[in-house]
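Working notes, structure below.
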Amino acid sequence: MVNEEKTNKDSPKGPSRIFVVFGALALCFTLIGGIYFAVGPDRFSSFFDPSFKISKQTSTASKGAQIGGPFELVDHAGAVITNADYADKFTLIYFGYTYCPDVCPTSLTTMTDALKSLGSKAKDIVPLFITVDPKRDTVEQLRMYISHFHPRLVGLTGTEEQVAKAAKAFRVYFAKQKESAPGANDYLVDHSSIVLFIGQKGQILTHFGHAVSAEAMAERLQKFL
Ligand code: NI
């Protein structure tokens, strides 16, 4: 027995067989890990969860029908902004409106806290707040509103057509509700409350629901930086 073991150990075949086994195992882990990081945790989990609808959209996106695309809007300083202004940057995009009573301020606070906790690591991420209510969200109104959130937050508005085009490009739904009385300016706007994280080549990297915590958002963003 002792001799046999010794022979096995000393023979060139023993160790090389071990290397083959370990090599195969390492390759498996690398492949699974690679897929995980390539597609992101959401889409990775979506392989096992067919009810994950947003992920289906992003899967389609990777096949050519990209989320995002050319847009032209006006920022909170009155400057014309297009998607080309953010080439080579990451963008963290939220569509909403400044008169939103609840969800928008919460989402923007979460984005702000997440970016602040990442500190200088988040320097290449541009947070964008794109209004779905350009009628009331003027340049002036946006400038005042975004001052409550992250110092680098960019507010974007435009004509109704420009805003509709941007929302469509990012597959964001919005619909203006009826005023309390004809001509009153107190309407609500239904809208998707998803935070989109877009990569440096304009590809969607991940997205967050409005219930996400700042900690969870920061943790996931960090993986892409
Ligand atoms: Ni809102």
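All heavy atoms count here, side chains included; hydrogens, waters and symmetry mates do not. Just so you know, ligand 1 is whichever comes first in the structure, and atom 1 is the first atom listed for that ligand.
Using a 4.5 Å cut-off on side-chain heavy atoms (C-beta onward), Thr110 and Phe208 make no contact. Residues Ile93 and Tyr86 are not in side-chain contact: their nearest non-hydrogen atoms beyond the backbone lie 4.5 Å or more apart.
Of the candidates Phe174, Phe95, Tyr97, His191 forms a ring-ring contact (aromatic ring centres under 6.0 Å, His included) with just one, namely Tyr97.
Heavy-atom minimum distance, Val126 versus Arg152: CA-NH1, 4.2 Å.
In the model, Asp137 has no side-chain atom that pairs as donor or acceptor with a side-chain atom of Thr157 under 3.5 Å. Under 3.5 Å, the side chains of Asn185 and Tyr99 contain no donor-acceptor pair of N or O atoms.
With waters left out, the protein N, O or S atoms under 2.8 Å from the Ni ion (ligand 1) add up to 3.
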